Amino acid sequence: MTSPYIPGPQGWQPAQPPVGAWPGQDPQAAQQPQWQQPAWPAAPAGQQPAAAQWQQPTGTWPEAAPQGSWQAPPEGSWQAAPQQAGGFAADPAGAGALVPVDEFADDFASVLENTSVHRSTIGCIVPAYNEAESIADVIRSLLEQSRVPDVIHIVVNNTSDDTVKIASEFSGPHEVETELGLQFTEVFVHDIGKNPDKKVGALNYGYALVEGYDYLLGVDGDTTADRRAVEYLENEAVADSRIGGISAIYTIDDRPIKGFIAKWLIAGQRTQFAAFNMQNLLRGRNMAVLGGQFSIFSTTALRDIMKENHQNSPWVKDSEVEDSLLSLQIKSAGYLTKISPFARADVGGMTTLKGYDAQQVKWTYGAIELMWPGQRGDTKGQPFHPNLRLRWFEQFSMLTNFFVRVAFITLLIASLSINAFVFSPWWLLPPLVAAGLNFRMARSMQKANARDIAFAVLLFPAEIFMWIRISHFIRSWTRFLSKKKVDNWALQARAEKGGVSFGHWTPFIIFAIVAVAIAVIWNLLDPVTQSAILWVGWPIVGVVTVLQTLTMAIKLFQRHQGFKV
């Protein structure tokens, strides 16, 4: 049924003009069929309503009518509220005219049939720096979502390739038909040129564009997501107002990777991501770091943390790990930081030793800065923050791995040099437990492949990868403790571009020099001193190794509660 009212310059107006002409209308147009004012139902004799008692502008009865005056008619006759079935409602513009309630209901239902079921709004930001190879896939991934973001802003900064040109091919409005209904979005491409704040500057630029939306979806320029990822993130965020941010499960798509070294590095990074994701899932799905790769943030929470921390923007430029700091601030403001068990995204991995080294050193350095007590520059250390517990565990684990390996190799060579080494089958237990743990972690991946399994069970690929991670651990701590001011963002960008660099080999070069020095000193010691060192050293290494093995065994037999990473 069509409503007899249409929107007009003064609000809702009759679909046909009243007797006479509308203001400014040709008098001849008044020859249309006359509009008849509906007649009031007859009132009981002697109880006609006084003209002053009827509030013509609002179409409602007075709150209290004098005794003996006109009373509210029974249901089914003329009504003042549209909630009544049947009857009529006041004109929305307050002109005093009445509209049948049934006709309003039909119009409202027809509007609902043609609108999306989503009640929240999502603004998407994609900071992009030299992402010509991946930006098209990223935008397609967003446009193919079951829940398409309401707007997509590609913020290109400091780029020297064709990122802007490729992204601009998608700019403009898009109409997308999904299982959730017809959806609309628009893609904007912003080339902000030289940006001294790099990714942080691009994120804050994008935030200014979407701060009026309910949620901000942050997506890296090399990250593609499963088609229901946005839907899953939105559903959980809307269902619980305590959530300040929620992240997808990250992994790396290794299918397009070429080259032996690159495939080995990606296999290690996939295992690394899987272990991190599983630890967060098993801790009540509390996410330690809402990574910018594919996370959704409540703009209400972002405004709260800006006010609480006296910031003009959500992300600050003086942290090496802007996403970790933001996660800490969201948690400190009383919100939850979660990881979704369903939403998944493929991020870009590092395929060279230099690139991987620069990325990991930047991440680890930033994490140390957040954990370190006191004040370092503009970043306040928060060693007891709940989101940093996993970080502390990672650092302690890396320190244990470093000590056990270096001490074992040193004592082994020293024992062999004086024919004092006695092999024990128990020494095979730690590597076997480690291989079993790696194998189980590989099996927990939703998209595990033969390369992931081989990386785990062959032991040597994982062991070499662990030494690479130990080198990152050493470089990060030495750089931090030296208090030398270094732009780790610039170093990572330079490493990803290629070129000759040997910085990532520094820990191994130092280790070789130290090993030679220890060997010389060892040969200068008398046999009694050498025996005493071995007599003290082996038990210490044994105790630490046993404790480490027990920790791995607990993880090996820990229930994964049905989670897949």
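In this text the structure is predicted, and so the values were computed from the model without any measurement.
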Residue pairs involving residues 395-412 (criterion side chain to side chain donor-acceptor pair (under 3.5 Å); sequence neighbours excluded): Q395-W477, N401-R405, N401-Q548, R405-E463
Least distance between heavy atoms, M278 atom then S444 atom: CE-CB, 3.9 Å
Yes or no on side-chain contact (heavy atoms from CB on, under 4.5 Å) for I135 and F170, after CA distance, side-chain angles and deciding distance? CA-CA 10 Å; I135 194 64; F170 297 88; over 6 Å; no
Just so I know, are the side chains of H385 and M371 near enough to count as touching, which here means a heavy-atom distance under 4.5 Å? no
Inspect the surroundings of CZ in F403 and state if more than 12 heavy atoms from other residues, nucleotides or ligands are less than 6.0 Å away. yes
If you count every heavy atom of other residues, nucleotides or ligands that lies below 6.0 Å from W392 atom CH2, does the total exceed 12? yes
Is a side-chain donor or acceptor of N195 paired with a backbone partner of N158 at a separation under 3.5 angstrom? no
For D137 and R140, the nearest pair of non-hydrogen atoms, with its separation, is OD1-NH1, 3.1 Å
Could you grab the distance from atom CZ of R303 to atom OG1 of T299, nearest 0.5 Å is fine? 4.0 Å
Rounded to the nearest 0.5 Å, what separation is found between the CZ atom of F439 and the CG atom of L432? 14.0 Å
Given D357, which partner from the list R469, K362, R475 fulfils the salt bridge (charged side-chain N to carboxylate O under 4.0 Å, His left out) test? R475
CG/L233 to OH/Y215 distance, rounded to the nearest 0.5 angstrom? 11.0 Å
With heavy-atom distances below 4.5 Å as the criterion, would you say the side chains of Q446 and I249 are in contact? no
Verdict with supporting geometry, L143 and I152, side-chain contact (heavy atoms from CB on, under 4.5 Å): CA-CA 9 Å; L143 294 176; I152 301 171; 4.0 Å; yes
With side chain to side chain donor-acceptor pair (under 3.5 Å) as the test, would you mind laying out the steps for T159 and N130 before giving the verdict? CA-CA 5 Å; T159 192; N130 286 348; 2.9 Å; yes
Compare every heavy atom of D150 with every heavy atom of S120, then report the nearest pair and how far apart it is. O-OD2, 4.0 Å
Are any side-chain N or O atoms of Q269 and backbone N or O atoms of L265, one a donor and one an acceptor, separated by less than 3.5 Å? yes
To the nearest 0.5 Å, how far apart are OG1 in T337 and CD in Q329? 12.5 Å
D214 side-chain N/O to T121 backbone N/O, donor-acceptor pair under 3.5 Å: yes
Do W315 and L326 touch side chain to side chain, with heavy atoms closer than 4.5 Å? yes
Can you check whether P383 reaches L388 side chain to side chain, under 4.5 Å on heavy atoms? no
Can you tell me which residue among Q145, E144, E179 is in a side-chain hydrogen bond (donor to acceptor under 3.5 Å, both in side chains) with R227? E179
Of all heavy-atom pairs linking I305 and A333, the shortest is CG2-CB, 3.7 Å
Any ring pair (Phe, Tyr, Trp, His ring centres under 6.0 Å) pairs touching residues 324-357, not counting sequence neighbours? Y232-F342, Y356-F465, Y356-H472
Name all residues meeting the side-chain hydrogen bond (donor to acceptor under 3.5 Å, both in side chains) criterion together with T178; count only those two or more places apart in sequence or in a different chain, and write none if there are none. Q183
If I compare all heavy atoms of T352 with all of G355, which pair ends up nearest, and what's the gap? OG1-N, 3.1 Å
Rounded to the nearest 0.5 angstrom, the CD-CG distance for E236 and L336 is 9.5 Å
Could you go through residues 287-296 and list every donor-acceptor pair under 3.5 Å that involves a side-chain atom there, pairing it with any protein atom two or more places apart or in another chain?
unit_1, atom_1, unit_2, atom_2, d
S295, OG, Y250, OH, 3.1
S295, OG, G291, O, 2.5

Relative to each other, are the rings of W538 and F408 parallel, tilted or perpendicular (30° and 60° limits)? perpendicular
Got a donor-acceptor contact below 3.5 angstrom from the S424 side chain to the W427 backbone? no
Within the 4.5 Å heavy-atom criterion, are V230 and S146 side-chain neighbours or not? no
Let me see the working for L217 and L142 under side-chain contact (heavy atoms from CB on, under 4.5 Å), right down to the final yes or no. CA-CA 11 Å; L217 173 65; L142 292 169; 4.2 Å; yes
Compile the donor-acceptor pairs under 3.5 Å between side chains in residues 555-565 and protein atoms, sequence neighbours left out, one pair per line.
unit_1, atom_1, unit_2, atom_2, d
K564, NZ, R443, O, 2.9

dist E394:CD -> F276:CZ (nearest 0.5 Å) comes out at 6.0 Å
State whether the side chain of T163 and the backbone N or O of E131 hold a donor-acceptor pair below 3.5 Å, judged by distance alone. yes
Step by step, would you call T251 with K447 a side-chain contact (heavy atoms from CB on, under 4.5 Å)? CA-CA 9 Å; T251 188; K447 299 178 181 179; 5.7 Å; no
Given side chains that start at C-beta, do those of V316 and E322 come closer than 4.5 Å, heavy atoms only? no
With a 3.5 Å distance limit and no angle check, can you tell me whether T223 reaches the backbone of V219 through a side-chain donor-acceptor pair? no
Tell me whether N157 contacts the main-chain N or O of A128 through its side chain, where contact means a donor paired with an acceptor under 3.5 Å. yes
Just wondering, more than 12 heavy atoms not from F396 lying within 6.0 Å of its CZ? no
pair M445-T271: side-chain heavy atoms closer than 4.5 Å: yes
State, with a plain yes or no, whether a side-chain heavy atom of N286 is found less than 4.5 Å away from one of K338. yes
Can any side-chain N or O of D161 pair as donor or acceptor with the backbone N or O of A132 at less than 3.5 Å? yes
Would you check if there is a donor-acceptor pair between the side chains of D254 and N449 at a distance under 3.5 Å? yes
Would you find a donor on one side and an acceptor on the other, under 3.5 Å apart, between the side chain of R285 and the backbone of I339? yes
Between A343 and A229 the two heavy atoms that sit nearest each other are CB-O, 3.7 Å
For S298, all residues meeting side-chain hydrogen bond (donor to acceptor under 3.5 Å, both in side chains), sequence neighbours excluded: none
For T549 and P430, indicate whether the former's side chain and the latter's backbone hold a donor-acceptor pair under 3.5 Å. no
